[in-house]
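Convention: sequence-line order gives letters A, B, ...; per-chain numbering from 1. Owing to the predicted nature of the structure, the values given are computational and were not obtained by experimental measurement.
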Amino acid sequence: MRRGLAGRAAAGLAPLAFLGLFLFYPLARVLALGLGPLAAGGWAALAAASRDADLGGLLAGSGLQALASTAISLALGVPTAWVFARCEFPGRRALAAVLAVPFVLPAVVVAAAFTALGVPRGLGAVLAAHVFYNVSVVARIVGTSWATLDPRLGEAARLLGAPRGPRLAALTLRLLAPAIAAAGLLVFCYCFTSFGIILLLGGPGAATLETEIWRQAVRLADFGAAGLLALVQLAVTAVLMALYARLQRRLSAAMRQVPAAAARRRAPAGAAGTWQRVAVAVFGYGAAALVAVPLAAIVAGSLATPGGVGVGAWTSLFRNATGSLFWTSPLAAARSSLAFAAGALVAALAVGLPAAYAAAGAARREGRRPTGAGALLDLAVLLPLGTSAITLGFGFLVALDRPPIDLRASPLLVPIAHALVALPLVTRSLAGPIAALDPRLGEAAAALGAGRARAWRAVDLPVLGRAIASAAVFAFTVSIGEFAASSLLARPEFATIPVVIYTRLGTPGALNRGQAFAMSAVLMIVCALGVAAIERLRGRGAPGTEVL
Amino acid sequence: MHGTRFSVAAAALVLLAATGAAGAATGNVLTVLTHSSFSASKGVIAAFEAEAGAKVRFVEGGDAGETLGKAILSRGNPIADVVFGIDNTFLGRALAADILEPLEVPIPATIPAALRLDASGRLAPIDVGYVCLNADRAWFARRGLALPETLEDLALPAYKGLLVVEDPAASSPGLAFLLATVARFGETGPRPWQRWWEDLRANDVLVASDWSDAYYNQFSATGSGRRPLVVSYATSPAAELFYAADPKPAEPPTVALPLDAAFRQVEFAGVLRGTRQPDLARHFVAFLLSRRFQEDIPLQMWVHPADAAARLPDLFTRFAAVPRSPVGFDPSLVDARRDAWIREWTRIVVK
């Protein structure tokens, strides 16, 4: 018993130590640095700074934009989740991989694709880009819960005489509400703190708190105003998290989950009803097609030359035309990207998995209103959502600056930062399924003499396999698409694919533009292969389960 | 639970690597902080390493503003020994932040006086770029429209909706072009700079967020854009030719306009205060000023070397002429007025 307690404490402490060292401490240091002088001026100075920065307008503008982005993403993402989790149709796996690709594309590439497609700038373009990015987030998080919903619930409802259509849908939605709320919260936070898409597609004058933090800190060197905005953004996120936690407790029904293999009762395409065929056409093929159009524009951009179509951009990718020390071959960039992504994946799971267990354990012990350390940890892992990239980058700089932890120019900071960014996604993918685990099964296994690890493999892993794979995919895609150079110190010898894309777009010339698009296509391929590999690995680890 | 051992192992690994990295940072390694547009030939850097008996490690801080911000934040315990890439629009901020050691490196006599903007002897001018308009030659030829010759031309109906500029609030060339117009029209008189920008707004000027966006997304000569005039650099046409897709044309598809407003953007290097190897750092700055590095600059960074005596590649002498009378600015005036000018520009052009 004592060993169990110690284990639980350690499970909670390790993630807290990670977050403390790499999130809270750097943030506290950099915010104190910026806000200290401003706060010395008292409330009057703070109020004046808020007015100067148009804080009210920024909050309202970002809030409405994020709300609209989230609503559209959910409206498209939830049916998409159903189609991919519950229906069988030709090309399902390939299309699922396509849906994951937008998430890794740097904003500059998406903006270039949208511009090439003739999308006019402004709020419409911002919403379209946000939906393009986030449909897969919704589909993956909701789909993960959907796939392990016990289908017998539906059958029971039918046996009890419930009409097939609306009431079953209402029951399902009720059971999925926690996952939908989690997905909605994540998407809202991403759009609320959106940066590149706002600057590039929002048109002149478009801003969020995040873009203003960057502008104040970098362009105007006003660390006071930047610190104030960063703190407000963090506070807004924290309030949202707290509201979400309350909502989550109200929503979570007593839902027991089953291994995906047992839940999977996919209707084959032939036996499907008309509605299902329509749904598959619209939300399976349709969603994939919507996502594929900008992706195709990127590939087309890599093949476009002034004289027509050519592969010059691709062949020149491998040539260091000026003998530059700073040139990176596509293979080296892919290698760096994959190495960082592997590090981020391991770190995010190593922190996220125990954190999700600790939170779930606390919730179970403390009943429906968990207030202890577990609940706090559950909120803490979500805070990176509200942390502005430039604030964190500057925070690393001022906080991790003395031996034994002088990491400022270390390439290790890259996977650490990526793991932080991925943590909210990782823990949200794991939280629902872990909460729904039946603790009695584990106890039974222990009573039968199974060791902890063996009990975990036998009892938890089969149910959690899909969720762990989802979390891993999120960590991988976050890392592979992250453009860390803007917030961290970059080492040219470890340039990743997104860094190479930005470098190419910094020099004039048709080949540079073509190479940026070609590297974006490489990024898409690396992403799709990586996602497929993770899913396959999971399939082998937990026999009987299937790919999303 | 299950993840605990992972976490502990990961934490141990991080700490181990951290101490390792800290140990490697000292010794005969010179760390140079640059913006992400810095480049140099392998052979040139290797020559310095051989000459100085030291290894050079580069760290990139993002764009020029982000790089300076990082240098300022790490003041006293610097992340590098040398900083490269502080330009004359940020020079005042860098000097005021007191992040630099006295340089004590002789500046070659062949570097023009106009580039020696730091009287306090802490920053050495390394390269110079000229921000000016670029035009899509084929577009103007197709329309039979003459290229604009003065800034006033751009406000004429014939040039309505043709120009894309970068937002000076977010972009260095955008700010440089705004400064050029401030210098050209002045702040007082019947037609101050604000009037010209009001006219330009009425003439449908397009604002892009940064250089890549303006040049690659909106400029008609380079991709899917529709605007044949863009704010870029005097050297951009030469780069266009160098990086043209096969078959290479004889001349660049674009031309830098000899308009009456070009901004002279000078980039400086200095030794960061608190470095533990000031002599090696000064040695590197002296190397940046040497003929060998100066002559490597054009094709690596697509700007002109600061040293007027440095030999230019053929491509530069043919397609990258230095504008007639570029605008320079007293860096302290830029520092004092920059934010006010940007705010006013935003009110006139964007709001």
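With a 4.5 angstrom heavy-atom cutoff, L68(B) does not touch chain A via any of its atoms. Using a 4.5 Å cut-off between heavy atoms, L400(A) makes no contact with chain B at all. Using a 4.5 Å cut-off between heavy atoms, I45(B) touches chain A through its side chain atoms alone. Neither the backbone nor the side chain of L241(B) comes within contact range of chain A; no heavy atoms are under 4.5 Å apart. Using a 4.5 Å cut-off between heavy atoms, A321(A) touches chain B through backbone and side chain atoms alike. Neither the backbone nor the side chain of R457(A) comes within contact range of chain B; no heavy atom of the residue lies under 4.5 Å from a heavy atom of that chain. Heavy atoms closer than 4.5 Å to chain B are found in both the backbone and the side chain of A221(A). In this structure, chain A has a heavy atom under 4.5 Å from the side chain of D210(B), while its backbone stays farther away. Proximity to chain A (any heavy atom under 4.5 Å) is shown, for T235(B), by neither the backbone nor the side chain. In this structure, chain B has a heavy atom under 4.5 Å from the side chain of F223(A), while its backbone stays farther away. At a 4.5 Å heavy-atom cutoff, the contact between S41(B) and chain A is made by backbone and side-chain atoms alike.
Across N320(A), D401(A), L511(A), the residue that shares the most heavy-atom pairs under 4.5 angstrom with chain B is L511(A). Put simply, of P253(B), G69(B), S212(B), the one with the most heavy-atom pairs under 4.5 Å next to chain A is S212(B). Of the residues considered (D63(B), V207(B), I79(B)), I79(B) shows the highest number of contacts with chain A, using heavy-atom pairs under 4.5 Å. Among the candidates A116(A), P492(A), A112(A), G205(A), the residue making the largest number of heavy-atom pairs closer than 4.5 Å to chain B is P492(A). No other option in A217(A), A206(A), A510(A) has as many heavy-atom pairs under 4.5 Å with chain B as A510(A). Interface check for chain A: of the options S37(B), S36(B), A169(B), the most heavy-atom pairs under 4.5 Å are formed by A169(B). In terms of heavy-atom pairs under 4.5 Å with chain B, the best-connected choice from G312(A), G310(A), G323(A) is G323(A). The candidate from L397(A), T305(A), V30(A), L117(A) with the greatest count of non-hydrogen atom pairs under 4.5 Å with chain B is L397(A). For chain A, the option among Y243(B), F58(B), Y233(B), F242(B) with the highest count of heavy-atom pairs below 4.5 Å is Y243(B). Of all the listed residues (L299(B), D246(B), D339(B)), the one sharing the greatest number of non-hydrogen pairs under 4.5 Å with chain A is D339(B). By number of non-hydrogen pairs under 4.5 angstrom with chain A, the leading residue of F90(B), W211(B), Y215(B) is W211(B).
Under the 4.5 Å side-chain criterion, counting only non-hydrogen atoms from C-beta, L315(B) is in contact with W302(B). You'll find the side chain of L30(B) stays beyond 4.5 Å of the side chain of K55(B), heavy atoms only.
Note on E493(A) versus R57(B): no salt bridge recorded, every NZ/NE/NH1/NH2 to OD/OE distance being 4.0 Å or above. Ion pairing between R219(A) and D167(B) fails under the 4.0 Å rule for side-chain N and carboxylate O. Residues R343(B) and D52(A) are not paired through a salt bridge, judged by the lack of any N-O separation under 4.0 Å between the basic side chain and the carboxylate.
No side-chain donor from either of W314(A) and Q515(A) sits under 3.5 Å from a side-chain acceptor of the other. No hydrogens or angles considered: nothing links the side chains of N512(A) and T507(A) as a donor-acceptor pair under 3.5 Å. Side-chain contact annotation: S171(B) with E166(B), donor-acceptor N/O pair under 3.5 Å absent. No hydrogens or angles considered: nothing links the side chains of S410(A) and R491(A) as a donor-acceptor pair under 3.5 Å.
Taking every heavy atom of both residues into account, A170(B) and S209(B) meet most closely at CB-O, 3.8 Å. Taking both residues in full, the closest heavy atoms of A313(A) and S302(A) are given as CB-O, 3.5 Å, listed atom of the first, atom of the second, then distance.
Partners of F394(A) under the ring pair (Phe, Tyr, Trp, His ring centres under 6.0 Å) rule, at least two apart in sequence or in another chain, do not exist in this structure. By the salt bridge (Lys or Arg N to Asp or Glu O under 4.0 Å) test, R75(B) pairs with no residue at all, sequence neighbours left out.
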